[in-house]
Amino acid sequence: MNHRLKRVTELIKRELGPILDRNLTFKGCFVTIHDVEITTDLKHATIHVSILGDSMSHEDIIKKLHGSRSIISRELYKRVTLKNSPQLHFKATDSIERGVRVLNLIENLPEPLPDEEPETEGEGDGEDEESKEDGKR
């Protein structure tokens, strides 16, 4: 991806969060913008959203986002001026849920066993003295 497309995707990603916050409410769910993919001609943008919470199904949230696409697009285009204003497509991802599951698994791991190091008192002393003597020369 070239530098301009990276900048445009980051700009869209940064601006969509506050727009969704102000214009839409999701009962008992937390919706965040995870990633934005945009075509090279800037005509289509796929917005990957992460959804936390079980009070609404993921399909219902995506339907609500697609139904509010005109409002979201209008607000976005006021903030981001582009030659071609991309058509927005929303897609649900479960990356945050997977991350939370992994963190829970890590937290619930049993404590590690203490490492027992074998005691070797006489073996290492001669080598240390020789290396010290070599350093003095």
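Everything quoted here is computed from the prediction, not taken from an experiment.
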Going by side-chain contact (heavy atoms from CB on, under 4.5 Å), name the residues that satisfy it together with [X], two or more places apart in sequence or in a different chain.
| X | result |
| --- | --- |
| Arg74 | Ser70, Ile71, Lys78 |
| Lys91 | Thr46, His48 |
| Leu24 | Leu20, Phe26, Lys64, Leu65, Ser68, Ile72 |

Practice problem: Enter the distance from Thr9:OG1 to Ile38:CD1 here, rounded to the nearest 0.5 Å. | Solution: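 If we round to the nearest 0.5 Å, Thr9:OG1 and Ile38:CD1 are 7.5 Å apart.
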Self-check item: Reported CZ-to-CG distance for the pair Arg69 and Leu88, which is rounded to 0.5 angstrom
Solution: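 Arg69 CZ to Leu88 CG: 7.5 Å, rounded to 0.5 Å.
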Practice problem: Only pairs at least two apart or in different chains count here, so list each ring pair (Phe, Tyr, Trp, His ring centres under 6.0 Å) that has a residue in residues 66-95. | Solution: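 Passing the test, one end in residues 66-95: His44-His89, His66-Phe90.
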Quiz prompt | ring pair (Phe, Tyr, Trp, His ring centres under 6.0 Å): pairs with one or both residues in residues 94-114, sequence neighbours excluded | solution =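 For residues 94-114, and leaving out neighbouring residues, there are no ring pair (Phe, Tyr, Trp, His ring centres under 6.0 Å) pairs at all.
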Quiz item: Which pairs pass side chain to side chain donor-acceptor pair (under 3.5 Å) with one or both residues in residues 100-110, sequence neighbours excluded?
Solution: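 Qualifying pairs, neighbours excluded: none.
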Any residue meeting side chain to side chain donor-acceptor pair (under 3.5 Å) with [X], in chain and number order, not counting sequence neighbours:
| X | answer |
| --- | --- |
| Asp21 | none |
| Ser73 | none |
| Thr39 | Asp41 |

Self-check item: Hydrophobic cluster (4.5 angstrom, side-chain heavy atoms) - remaining members for Leu109
Solution: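 Traced through the cluster, Leu109 reaches no other member.
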Exercise. Under the side chain to side chain contact (heavy atoms under 4.5 Å, CB included) rule, what do Val49 and Thr32 come out as? Steps first, then yes or no, please.
Key: CA-CA 6 Å; Val49 294; Thr32 59; over 6 Å; no
Quiz item: With sequence neighbours excluded, what pairs up with Arg79 under the salt bridge (Lys or Arg N to Asp or Glu O under 4.0 Å) test?
Solution: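 Arg79 satisfies salt bridge (Lys or Arg N to Asp or Glu O under 4.0 Å) with Glu15 once adjacent residues are dropped.
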Side-chain contact test, heavy atoms from C-beta onward, threshold under 4.5 Å: evaluate it for [X] versus [Y] and give yes or no.
| X | Y | result |
| --- | --- | --- |
| Thr93 | Asp35 | no |
| Leu42 | Arg4 | yes |
| Arg7 | His3 | yes |
| Pro86 | Ile12 | yes |

Quiz prompt | Residue from Leu76, Val80, Leu11 passing side chain to side chain contact (heavy atoms under 4.5 Å, CB included) with Leu16 | solution =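 Going through the options one by one, the only one that passes is Leu76.
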